[in-house]
Amino acid sequence: MISASIKGKFEAIIGKENMMESQAQRLVYSYDATPNVQALPDLVLAPRSTQEVVNIVNVCREEKIPIVPRGSGSNLCAGTVPIAGGVVLLFKHMNRILEVDEDNLTVTVQPGVITQNLIEAVERRGLFYPPDPSSMKISTIGGNINENSGGLRGLKYGVTADYVMGLEAVLANGEIIRTGGKLAKDVAGYNLTQLLVGSEGTLAIITEATLKLIPKPESKKTMLALYENIDAAAQSVSKIIAAQMIPATLEFLDQPTLQAVEDFSQIGLPTDVEAVLLIEQDGTKEVVARDVEKMAAICTESGAVSVKIAATAEEAEALTTARRAALSALARLKPTTILEDATVPRSEIANMVKAINEIAEKHQVKICTFGHAGDGNLHPTCPTDARDEEEMARVEAAFADIFDQAIRLGGTITGEHGVGMVKAPYLEWKVGSAGIAVMKGIKQALDPQQILNPGKVFTEETRKRLVVST
Ligand SMILES: Cc1cc2nc3c(=O)[nH]c(=O)nc-3n(C[C@H](O)[C@H](O)[C@H](O)COP(=O)(O)OP(=O)(O)OC[C@H]3O[C@@H](n4cnc5c(N)ncnc54)[C@H](O)[C@@H]3O)c2cc1C
C-alpha cells in the first residue's frame with residue numbers, strides 16, 4: 001500500500017493526469033504477454049522526462065517502494081508483472097526519436113519509441129536498424145534493450161545488443177549515468193552499456209539510447225523450401241552456412257505451426273509437409289541473385305521437395321508477415337499458449353526438434369515448434385489451458401525437460417525472451433552457482449535496496465534438474 005502522502009509526492013512530480021490508481025487501471029498493468037502470472041501494482045506512473053524519473057526514483061528509494069519499468073508489456077517471461085506491488089513506470093510520453101545522425105550513423109531515442117516506428121523512420125533516410133523482433137509493431141526500444149531482443153534478421157545482423165552504443169540511465173540511488181556514446185571505439189573502463197543491455201529492468205531505468213545504424217541493403221529476395229523430413233531441413237541450414245553464405249533470415253516452421261499459420265493468414269502456404277524453411281537474402285542485386293540461386297540448389301540437394309522463390313516484393317512480404325504471426329496463429333488453438341525459446345548451436349537443431357517431439361510424447365502434450373533456425377533459437381510452443389491443473393503440471397514438466405535438453409546440447413534456457421520470473425528457477429542450470437553469485441553481486445552493488453523490478457531473474461527456488469531419457 002502506498003499512503004496518501006506519498007501519492008501526493010508523486011502527483012507533485014508528474015501531475016494527477018499521469019498517475020493511475022483505480023482498481024481497473026491497476027488491473028491493466030497487472031499482467032503482460034506471459035500466460036498465468038498476475039499481480040496488482042499499487043500505482044502506475046507515466047513520467048515525461050529523465051528528471052521526473054529521477055524524482056520518482058528518489059521517492060521510491062526513501063520509501064523502499066518497488067519500481068517496475070514497463071514498455072509495451074509484450075515480454076514472455078513475466079518481466080513486468082509487479083510481483084512485489086509498488087510502482088509501474090510507463091514510458092508512453094518518452095517516445096520520441098531525438099536525433100538521426102547521418103555522419104556518425106546513429107539514432108538517439110527515448111525508451112518508449114515503438115520498434116517498427118524507429119525502423120521505418122530510419123529506412124525513409126536509406127538507413128537500416130536491423131533488430132526486428134516479431135513483436136516490433138508493439139514492442140518498445142526500452143523493452144528490446146532490456147531483453148536484448150532478437151528477430152528474424154539476427155543470424156546475419158545480430159541482436160539488439162549489437163546496436164546499442166550508448167545509454168542514459170537512472171540508477172536506484174537516483175543518479176543519472178551516461179554510458180558509451182557515438183564512438184566506434186571506446187574502451188574507457190568496464191562496458192556498462194552492455195551490462196545494462198538485457199538487465200530486464202533490474203539494474204537501472206533506461207531513459208535514452210544511442211543506437212547504431214547501417215546502410216539499408218539495396219535489394220532482397222525471399223524463398224520457401226519444403227521438406228518431408230526435419231533432418232533434410234536441418235541439413236540445408238548447416239550446408240548453407242558451411243558454403244559461407246549468411247542469409248538475412250533463416251526460419252524454421254514445423255507442420256503443426258505451418259497449419260496454424262496458414263489457417264490464420266490464408267496466403268496459400270503448403271500444409272502437407274513436415275517442415276519449411278523461410279530464407280531471405282539481402283545485399284547488392286548481384287550478391288542476392290547469386291546467393292539465392294546457390295541456396296536453392298543446396299536445399300534441393302539436401303532433400304527439399306520444393307523450393308519456391310517469391311516472385312514479387314508483396315509475395316515476399318506476405319511470407320515474412322505470416323512467419324511473424326506464428327505466435328498469434330498458435331494462440332488461437334487453445335485458451336493458453338506457452339511459448340519458450342530454448343536455444344542450441346545450429347548444428348544441433350535436428351536433434352533438438354526430435355527431442356522436443358519425444359518430450360511432448362512422453363508428457364502427452366501438444367508442442368508446435370518454429371523459430372530462428374540459423375541462430376538455433378527455437379520456439380517450442382504449447383497450446384494448452386491454464387484452468388486444467390493436471391495438464392499444466394505436465395506442460396511444466398515438459399518444458400523443464402526441454403530446457404535440460406537444450407543445455408545438454410550446448411544451448412541455453414533462453415535465446416531472446418529473457419529470464420524474468422518464469423525462467424528464474426532454471427537460470428542456475430545455465431550459469432552455475434558461481435555465475436548466480438556474480439550476478440547477485442552486481443545487483444547488490446547497483447540496487448542495494450532491491451527496489452528495481454524485484455522478484456525477477458533471481459529466485460529462491462532453483463529447480464531440481466530432472467533426468468531426461470534420450
Ligand atoms: C507476438 C510476440 C512476438 C514476439 N517476438 C519476439 C521476437 O521475435 N524476438 C524477441 O526477442 N522477443 C519477442 N517477443 C518478446 C517481447 O516482445 C520482447 O521481449 C520485447 O523486447 C519486449 O518489449 P516491450 O516494450 O513490450 O517491453 P516490456 O515487456 O514492457 O518489458 C520488457 C523488460 O524490459 C524492462 N524495461 C522496459 N522498459 C525499460 C526501461 N526504459 N528501463 C529499464 N527497464 C525497462 C521491463 O522491466 C521488462 O523487464 C515477442 C512477444 C510477442 C507477444
Side-chain angles (χ1 to χ4, degrees), residues 29 31-35 41 46-47 50 53 57 66-83 86-95 109-116 118 131-154 159-161 167-172 196-209 249 251 264 320 323-331 337 339-341 343 370-372 375 377-379 381 414-424 447 452-457:
Y29 298 99
Y31 62 94
D32 53 31
T34 323
T50 301
V53 174
V57 169
I67 306 170
V68 181
R70 179 177 170 121
S72 295
S74 72
N75 76 86
L76 296 161
C77 60
T80 46
V81 175
I83 192 70
V87 159
V88 164
L89 214 56
L90 299 182
F91 295 94
K92 61 180 185 176
H93 299 307
M94 297 177 68
N95 66 347
V109 299
Q110 292 185 310
V113 170
I114 299 293
T115 315
Q116 181 154 316
L118 166 67
D132 61 339
S134 298
S135 52
M136 66 190 197
K137 273 189 193 163
I138 49 165
S139 72
T140 65
I141 292 295
N144 293 172
I145 292 173
N146 275 278
E147 298 293 4
N148 189 9
S149 299
L152 271 60
R153 301 194 280 238
V159 295
T160 303
L167 293 171
E168 177 193 82
V170 177
L171 299 173
L196 296 185
V197 174
S199 64
E200 305 191 23
T202 63
L203 297 182
I205 300 165
I206 309 295
T207 47
E208 200 178 294
T249 291
E251 295 288 308
F264 180 65
T320 36
R323 157 59 190 91
R324 284 190 211 284
L327 174 54
S328 315
L330 289 168
T337 312
L339 171 140
E340 288 300 350
D341 67 330
T343 302
F370 65 99
H372 316 292
D375 308 325
N377 181 200
L378 293 171
H379 292 312
T381 303
T414 170
E416 58 181 17
H417 293 163
V419 176
M421 278 172 68
V422 296
K423 264 168 287 182
D447 181 19
L452 292 180
N453 211 358
K456 311 298 157 60
V457 181

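First listed ligand is number 1; within each ligand, the first listed atom is number 1. Just so it is clear, the model here is predicted, and its values are computed rather than measured. In what follows, every heavy atom counts, from backbone to side chain, and hydrogens, waters and symmetry copies are set aside.
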Is [Y] close to [X] at the side-chain level, that is, under 4.5 Å between some pair of heavy atoms?
{"X": "R323", "Y": "S134", "answer": "yes"}
{"X": "E147", "Y": "P133", "answer": "no"}
{"X": "M421", "Y": "T34", "answer": "no"}
{"X": "T80", "Y": "N75", "answer": "yes"}
{"X": "P82", "Y": "Y29", "answer": "no"}
{"X": "K423", "Y": "D341", "answer": "yes"}
{"X": "T115", "Y": "I141", "answer": "yes"}
{"X": "T381", "Y": "T337", "answer": "yes"}

Only heavy atoms of [X], strictly under 4.0 Å: list the atoms of ligand 1 that pass.
{"X": "P111", "value": "41 (N)"}
{"X": "N453", "value": "47 (O), 49 (O)"}
{"X": "T80", "value": "28 (P), 30 (O), 31 (O), 46 (C), 47 (O), 48 (C)"}
{"X": "S74", "value": "15 (C), 16 (C), 17 (O), 20 (C), 22 (C), 23 (O), 24 (P), 26 (O), 29 (O), 51 (C), 52 (C), 53 (C)"}
{"X": "I205", "value": "42 (N), 43 (C)"}
{"X": "R70", "value": "30 (O)"}
{"X": "S139", "value": "20 (C), 23 (O), 25 (O)"}
{"X": "A204", "value": "43 (C)"}

Measuring from [atom], which candidate in [options] has the nearest non-hydrogen atom?
{"atom": "atom 34 (O) of ligand 1", "options": "L339, N146, T140", "answer": "N146"}
{"atom": "atom 37 (C) of ligand 1", "options": "G71, P82, P133", "answer": "G71"}
{"atom": "atom 47 (O) of ligand 1", "options": "P69, C77, A209, G418", "answer": "P69"}
{"atom": "atom 21 (O) of ligand 1", "options": "A169, S135, S149", "answer": "S149"}
{"atom": "atom 11 (O) of ligand 1", "options": "A325, G150, G151", "answer": "G150"}

(message) Just to be sure I read this right, does ligand 1 sit under 4.0 Å from the backbone of L327, its side chain, both, or neither, counting only heavy atoms?
(response) side chain

(message) Does only the side chain of H417 get under 4.0 Å from ligand 1, or the backbone, or both, or neither? Count heavy atoms.
(response) side chain

(message) For the backbone of V159 and the side chain of N148, can you confirm whether one donor and one acceptor N or O come within less than 3.5 Å of each other?
(response) no

(message) Tell me if a side-chain donor or acceptor on R324 pairs with a main-chain N or O of D132 at a distance below 3.5 Å.
(response) yes

Closest non-hydrogen protein atom to [atom], residue and atom name please, with distance?
{"atom": "atom 24 (P) of ligand 1", "answer": "S72 N, 3.5 Å"}
{"atom": "atom 27 (O) of ligand 1", "answer": "G143 CA, 3.3 Å"}
{"atom": "atom 19 (O) of ligand 1", "answer": "E147 CG, 3.4 Å"}
{"atom": "atom 41 (N) of ligand 1", "answer": "I206 O, 3.0 Å"}
{"atom": "atom 38 (N) of ligand 1", "answer": "G142 C, 3.6 Å"}
{"atom": "atom 49 (O) of ligand 1", "answer": "E200 O, 3.1 Å"}

(request) Output all residues satisfying ring-ring contact (aromatic ring centres under 6.0 Å, His included) with F370, sequence neighbours left out; order by chain, then residue number. (result) H379

(message) Using the rule given for side chain to side chain donor-acceptor pair (under 3.5 Å), can you reason through S139 versus S74, listing the C-alpha separation, both sets of side-chain angles and the distance that settles it, and then say yes or no?
(response) CA-CA 6 Å; S139 72; S74 72; 5.3 Å; no

(message) Pairs of nitrogen or oxygen atoms closer than 3.5 Å, one from D132 and one from ligand 1: do any exist?
(response) no

(message) Checking the N or O distance criterion of under 3.5 Å, is ligand 1 in contact with S134?
(response) yes

(request) Report yes or no: does G73 have a heavy atom closer than 4.0 Å to ligand 1? (result) yes

(message) When you measure from the heavy atoms of V68 to every atom of ligand 1, does any distance fall below 4.0 Å?
(response) no

(request) Could you tell me which residues satisfy side chain to side chain donor-acceptor pair (under 3.5 Å) with N377, sequence neighbours excluded, listed by chain and number? (result) T343

(message) Whether the N144 and T160 side chains hold a donor-acceptor pair (N or O, under 3.5 Å, no angle test) is what I'd like checked.
(response) no

(message) For I205, run the side-chain contact (heavy atoms from CB on, under 4.5 Å) check against N146, I67, T50 and tell me which one passes.
(response) I67

